[in-house]
Amino acid sequence: MKVIVAGAGVVGMTTAWVLARRGHQVTVIDSHGGPAMETSRGNAGQRSYGFLYPWADPAMIRTGLQGLLRRKGPLKIGFPVSGRTLQFLCMTADFATRRGLFDVNRRAMLQLAMLSREGFEEVDRTLKIDYDQASLGLLETASNRERQSILMQKTRLLDELGIEHEWLNPRAARLHEPGLLGSAPLHGAMYLPGDATGDSQLFTRGLAEACRQQGVDLRYRVEITGWDIRYARIRGIRVRDYAMHQAEHAEGSTGYLSADRYVLAAGCGSRELARQLGLSLPLYPVKGYSLTAPVRNEHRAPRSTVLDDHYKLAITRLGERVRVTGFAELTDFHRRLPERRLQTLRQGFNERFPGSVDLGMAKAWTGFRPMTPDGPPAIGPVRQLENLLLNTGHGTFGWTLSMGSAELLGQMLDGEKPSIPVDAFRADRFSR
Ligand SMILES: Cc1cc2nc3c(=O)[nH]c(=O)nc-3n(C[C@H](O)[C@H](O)[C@H](O)COP(=O)(O)OP(=O)(O)OC[C@H]3O[C@@H](n4cnc5c(N)ncnc54)[C@H](O)[C@@H]3O)c2cc1C
C-alpha cells in the first residue's frame with residue numbers, strides 16, 4: 001500500500017520504519033529541513049518505560065494548584081488565559097475527575113511502553129544507531145517521607161505488570177548515582193532498572209537513514225497546506241514545496257500528493273491539520289525547557305537519568321553531555337526562553353549534581369509537548385475518514401512510546417488484531 005506519513009519527528013519516523021518493514025511504500029513529509037527538528041529535538045532523553053503517567057491526574061488538581069503558587073513551581077499558566085488554554089484546562093479537569101480513568105489510562109500507557117521497549121531493543125540489535133544511549137535505569141528522588149509514600153502507592157500496578165522497581169535509601173541511591181551530593185534533600189529514591197536513555201534527535205536521524213535505505217521517500221521542506229476529501233475519503237494532500245527554493249523567504253511551489261492511506265503524526269501541528277479534516281483533536285502545546293551542557297567532572301556527573309521531585313526536573317546523561325529539563329507551561333505557542341526559567345534549571349541541577357557540568361557552555365532549548373487533555377496518545381483510524389490514521393498526541397512521553405505506537409499503528413493499518421488493548425488510544429475519542 002502507498003502510505004503518506006505527515007511529520008518526521010520521532011513518532012512519524014518510527015511509523016515510517018515499521019510500515020516500510022511491513023512492505024508498504026512510504027513517503028514522509030515534513031516542513032523542516034530534516035528529521036526531529038521540533039519537539040523530538042531537545043527532550044529529556046528518558047525512555048521511561050516504568051515511569052508513565054497520564055496528564056489528567058486527579059492529584060494534579062491539588063498539587064498543580066500548589067505548584068502554580070510557587071515561583072519556581074513546574075506548572076505555569078500564561079496570563080491572560082487564552083480561550084484555548086481555558087478549554088484545555090476544563091477538559092483536563094473533566095478527565096481527571098472521572099473515577100478510575102487515570103488508572104485505566106496509566107495501565108494502557110505502561111502496556112504500550114512495554115511494546116515500545118521490545119521495538120527499541122530490536123532496532124538497537126539490528127541497526128546499531130549511535131544515539132548516546134544507555135540502559136542504566138531511572139531514579140526518581142523523594143525529598144521527604146510524604147513523597148516516598150506517594151511513590152510507594154504507585155508501585156502496585158508496576159508489580160501487576162511485572163515492571164521491576166526498587167525503593168532505595170540515600171546510600172543505595174548514591175551507589176547508582178555517586179554524584180548525587182547536592183544540597184537538595186534526599187530521603188530516598190525509586191529505582192526503575194528497566195528504563196533507558198538516549199538522544200531522540202540522534203536516534204531519529206539514524207532511523208531516517210535506515211528508512212531511506214529501506215526505500216522510504218523522505219520529503220523535507222514540504223508543508224502540508226490542505227486536503228482533498230471526497231466521500232469520507234482523502235484523495236490527496238496539497239503541499240507547498242520549499243525544497244527547490246533555497247532563499248529563506250521563498251514562496252515555494254504548490255504540489256499535490258496522493259496515497260492509499262494517510263498517517264497524521266505531526267506532533268503539535270496535528271491539531272490544525274485535523275481541523276482542516278473536520279476532526280476535533282484538542283492537542284495543547286505544553287511548553288518545556290532544556291539545557292544541554294558538556295560534562296566537566298566525570299565522578300560527579302549523573303550516570304543515567306534522575307527525576308528530581310524537589311524542582312521537578314529530569315536530569316539525563318547523554319554521552320559526554322548532560323541534559324536538564326523542566327517546566328510544563330500553558331502559554332500557547334511562544335518560543336521565548338526567559339532567563340528565570342533557565343536559572344531554575346541551573347539551580348535545580350546544581351542542588352543535585354554540583355560542579356559536574358559546564359553550565360556556562362549549556363545550549364538552551366524550548367519545545368512543546370503535543371498533549372491530549374486526558375494523556376494517552378491518539379493512535380489508529382477515525383470513523384469520519386476511512387483512509388486516515390492518527391499517531392499523535394504523545395505529550396510528555398513521545399520518545400518512550402514511539403516504537404510501541406508505531407507498531408500498534410502498523411497492526412491496525414494491516415487489519416491485524418492489536419497486540420495490546422487499544423481503547424485508551426481511540427483516535428476519535430474527542431470527536432462527537
Ligand atoms: C521539555 C520536554 C521534555 C520531554 N522529555 C521527554 C522524555 O524524556 N521522554 C519522552 O518519552 N518524551 C519526552 N518529551 C516528549 C517528546 O519529546 C514528544 O512527545 C515527542 O517528541 C513528540 O514527537 P512527534 O514526532 O509526535 O512530534 P514532533 O517531534 O514535534 O514532530 C512533528 C513534526 O511534524 C511536522 N509538521 C507539523 N505540521 C506540519 C505540516 N503542516 N506540514 C509538514 N510537516 C508538519 C513538524 O515540522 C515536526 O517535525 C519531552 C517533551 C518536552 C517538550
Side-chain angles (χ1 to χ4, degrees), residues 4-16 28-49 51-52 55 74 109 112-113 116 120 138 195-201 203-204 208 219-227 237-242 257 263-276 283 285-292 305 307 312-316 318 323-329 341 345 364-372 377-379 390-406:
I4 289 179
V5 177
V10 70
V11 174
M13 203 57 76
T14 48
T15 304
V28 178
I29 298 176
D30 201 292
S31 48
H32 278 292
M37 296 297 283
E38 272 295 332
T39 312
S40 306
R41 181 175 183 166
N43 65 34
Q46 297 182 324
R47 286 217 305 254
S48 48
Y49 307 116
F51 174 90
L52 281 167
W55 166 255
M109 289 169 77
L112 184 59
S116 207
F120 276 115
L138 175 149
D195 286 8
T197 49
D199 182 321
S200 78
Q201 187 185 43
F203 175 85
T204 310
R219 309 277 302 268
Y220 300 123
R221 301 194 75 214
V222 175
E223 186 186 357
I224 300 167
T225 54
W227 307 81
I237 54 177
R238 283 184 281 278
V239 296
R240 190 160 279 280
D241 189 338
Y242 299 90
L257 298 166
V263 180
L264 189 51
C268 291
S270 304
R271 179 182 173 129
E272 170 56 19
L273 292 173
R275 191 194 61 74
Q276 293 170 8
L283 298 186
V286 177
K287 188 177 183 182
Y289 301 87
S290 71
L291 283 174
T292 308
T305 188
L307 272 164
K312 304 278 183 230
L313 303 181
I315 297 170
T316 305
L318 297 168
R323 186 167 289 161
V324 193
T325 316
F327 292 105
E329 244 181 52
R341 299 276 183 271
L345 296 186
W365 173 84
T366 183
F368 301 89
R369 304 168 181 91
M371 196 71 78
T372 57
I379 308 168
L390 266 49
N391 193 7
T392 191
H394 293 72
T396 308
F397 301 107
W399 170 217
T400 304
L401 296 175
S402 55
M403 279 307 299
S405 52

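We count ligands from 1, going down the list as the structure has it; atoms in each ligand are counted the same way. The first residue of the sequence shown is numbered 1, and numbering continues consecutively from there.
With T197, T400, T396 as candidates, the residue nearest to atom 12 (N) of ligand 1 on a non-hydrogen basis is T396. Of the listed options A314, A113, A266, G395, G395 places a heavy atom closest to atom 18 (C) of ligand 1. The residue among I224, L307, D30 with a heavy atom at the shortest distance from atom 33 (C) of ligand 1 is D30. Of the candidates E329, R369, Q46, Q46 brings a heavy atom nearest to atom 8 (O) of ligand 1.
Note: no N/O pair closer than 3.5 Å links A265 and ligand 1 by distance alone. Checking only distances, T392 never comes within under 3.5 Å of ligand 1, N or O to N or O. By the 3.5 Å distance cut-off applied to N or O atoms, T325 is not counted among the residues near ligand 1. Backbone and side-chain nitrogen or oxygen atoms of V11 are examined, and one is located within less than 3.5 angstrom of a nitrogen or oxygen of ligand 1.
Close approach of ligand 1 to V222 (heavy-atom distance below 4.0 Å) involves ligand atoms 43 (C). For ligand 1, the atoms sitting less than 4.0 Å from at least one non-hydrogen atom of G367 are 53 (C), numbered in the order shown with element in parentheses.
The side chain to side chain contact (heavy atoms under 4.5 Å, CB included) test applied to S40 returns V10, A36, S200, not counting sequence neighbours. Take T325 and apply the side chain to side chain contact (heavy atoms under 4.5 Å, CB included) test, not counting sequence neighbours, and it matches A44, S290, A314, R323.
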